[in-house]
Amino acid sequence: MTDKTIQAAFDRASDTFAATGVDVAAALAQVDEVPISLHCWQGDDVRGFENPDAVLTGGIQVSGNYPGRARSPQELRADLDLAMSLIPGKLRLNLHASYLETAEKVERDAIEPKHFHTWVDWAKAKGIGLDFNPTLFSHPLAADNRTLSHPDAGIRRFWIDHCKASRKVSESFGRSLGTPSVMNIWIPDGSKDLPADRFTPRNRLRDALDDILSEPISKSFHKDAVEGKLFGIGAEAYTVGSNEFYLAYAAKRGTMLCLDAGHFHPTEVVSDKLSAVLSLIDEVLLHVSRPMRWDSDHVVLLDDETQAIASELVRGNVLGRVAIGLDFFDASINRIAAWVVGTRNMRKALLRAMLEPRARLVEAEARDDATLRMALFEEHKSSPWGAVWDYYCSSRNAPVGLSWFDAVKTYEHDVLAKR
Ligand code: RNT
Ligand code: ZN
């Protein structure tokens, strides 16, 4: 597509949207500023850099053996540099504690900001913010799927101290980069078969979290989030950190609540939970992902639920209270393409939501005109939002259409295939 055809299609589309009362220029300015946090773990199949033979545990699994997995922080940053150059709009990077950089072995309860300084320098040079996660899986002390709720006080202490050390790292990100780091706690704790006591592990988890959060940290540098889950592999009967547990925890203790789109019963949707949760909780972290039957973590598509999540954020005017993170891992396709497709889709969904004829919809609903409301929704689906997206990409020097694919393929040939 030439600049001229992109511009002409955009001009026509702008007229169409203007006729429905939508300000396209305002939408473009707004969509560009919404931060989306890329998850570092898509680039190396959630292995991290603690040890080259790391085995992923905790009931999450990555399948596939597509060539080119990043094996070092340098390779991962190079891959991220390429992915980020192909995605328009404001980005962040979400790191796990297991992505530290050290010459000597550092135990998880002893991690410090200095072990992440190269990531901070890289983020500073790119002008992006960082987010963080303690890593409570893929470790001998998490081998039995119990961490913060473990009956052994010593093991619990180890994981509490890891989370405390992680908060310091997260705070250092916020201080160095001038934008608060959202730190998300997810634990794999649960049991395969029916437990006799569901109460005690949850009480232990509550007390462990209270201990972790006991030191106040300014929210201008660091924010705590907690992520629930319905079940995991090996935790089919009981998950200690369920959604209800963390919903109550976040409401009572004032943390953010993390909603992962793949962590609910198949007919439950995060898009409907946003307005429910945000009526009583200040801030939410999203793990935008794609559930597939019993599994989660597939690459984000521009599907109905991704669109519904984006539309809710825009309709409710809550973008300032919701941190958007991604969470998927696919090793069966080019890993950089997975980032590019998933992240572009999230931003596309946001743009499409911003082009919705909001005033007319609200007015139709106020008059109880469900017929017009449905007709407007349906018409919007085939509105020329794609022309606005193309123009947006081109105006931000990001590839238009599938032109990003060649860059990924060239890199695959020149770099990934040689790993
Ligand atoms: C696992 C959670 C969690 C992880 C990452 C790697 O079910 O979704 O967010 O995917 O921490
Ligand atoms: Zn998640």
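Order of appearance sets the numbers: ligands from 1, and atoms from 1 within every ligand. Just so you know, these numbers use all the heavy atoms, side chains as well, and skip hydrogens, waters and symmetry mates. As the structure is a prediction and not an experimental result, all values here were calculated from the model. Residue numbers count from 1 along this sequence.
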* **Protein residue, atom and distance nearest to atom 8 (O) of ligand 1, heavy-atom basis** => Asp327 OD2, 2.8 Å
* **ring-ring contact (aromatic ring centres under 6.0 Å, His included) partners of residues 84-104, not counting sequence neighbours, each pair once** => Trp41-His96, Phe49-Tyr99, His96-Phe137
* Has Arg175 got its NZ or CZ under 6.0 Å from the middle of the six-membered ring of Phe221, at an angle within 45 degrees of the ring axis? -> yes
* Is NZ or CZ of Lys273 both nearer than 6.0 Å to the six-membered ring centre of Phe264 and within 45° of the ring axis? -> yes
* Asp297, any N or O under 3.5 Å of ligand 1 N or O -> no
* Where's the contact between His263 and ligand 1, heavy-atom distance under 4.0 Å: side chain, backbone, both or neither? -> side chain
* To do: Carefully, step by step, assess Thr147 and Asp189 under the rule side chain to side chain donor-acceptor pair (under 3.5 Å).
  => CA-CA 6 Å; Thr147 60; Asp189 299 34; 2.6 Å; yes
* Please write down residue, atom name and distance for the protein heavy atom closest to atom 7 (O) of ligand 1. => Lys229 NZ, 2.8 Å
* Of all the non-hydrogen atoms in the protein, which one sits nearest to atom 9 (O) of ligand 1, and at what distance? -> Glu227 OE1, 2.7 Å
* Intermediate values then yes/no, side chain to side chain contact (heavy atoms under 4.5 Å, CB included), Met256 and Asp224 -> CA-CA 6 Å; Met256 293 174 83; Asp224 297 288; over 6 Å; no
* **Distance filter under 4.0 Å to His287 heavy atoms, resulting ligand 1 atoms** => 9 (O)
* Would you say Trp41 has any N or O atom under 3.5 Å from an N or O of ligand 1, going by distance alone? -> no
* To do: Could you tell me whether the side chain of Val322 reaches within less than 4.5 Å of the side chain of Leu278, counting heavy atoms only?
  => yes
* Asked: Which ligand 1 atoms, with their elements, are less than 4.0 angstrom from a heavy-atom of Phe329?
  -> 10 (O)
* Asked: Is there a donor-acceptor contact under 3.5 Å from the side chain of Asp45 to the main chain of Arg47?
  -> no
* Indicate if the distance from the Zn ion (ligand 2) to the nearest N, O or S atom of His287 falls below 2.8 Å. => yes
* When you measure from atom 11 (O) of ligand 1 to every protein heavy atom, which one gives the shortest distance, and what is it? -> His96 NE2, 2.7 Å
* Asked: Looking at ligand 1, does Asn133 have a heavy atom less than 4.0 Å from it?
  -> no
* Please work out the angle at the Zn ion (ligand 2) defined by atom OD2 of Asp260 on one side and atom OE2 of Glu227 on the other, rounded to 10°. => 90°
* With distance as the sole criterion, is a donor-acceptor pair present between the side chains of Ser271 and Glu305 under 3.5 Å? -> yes
* Any idea which N/O/S atom from Asp327 gets closest to the Zn ion (ligand 2)? -> OD2
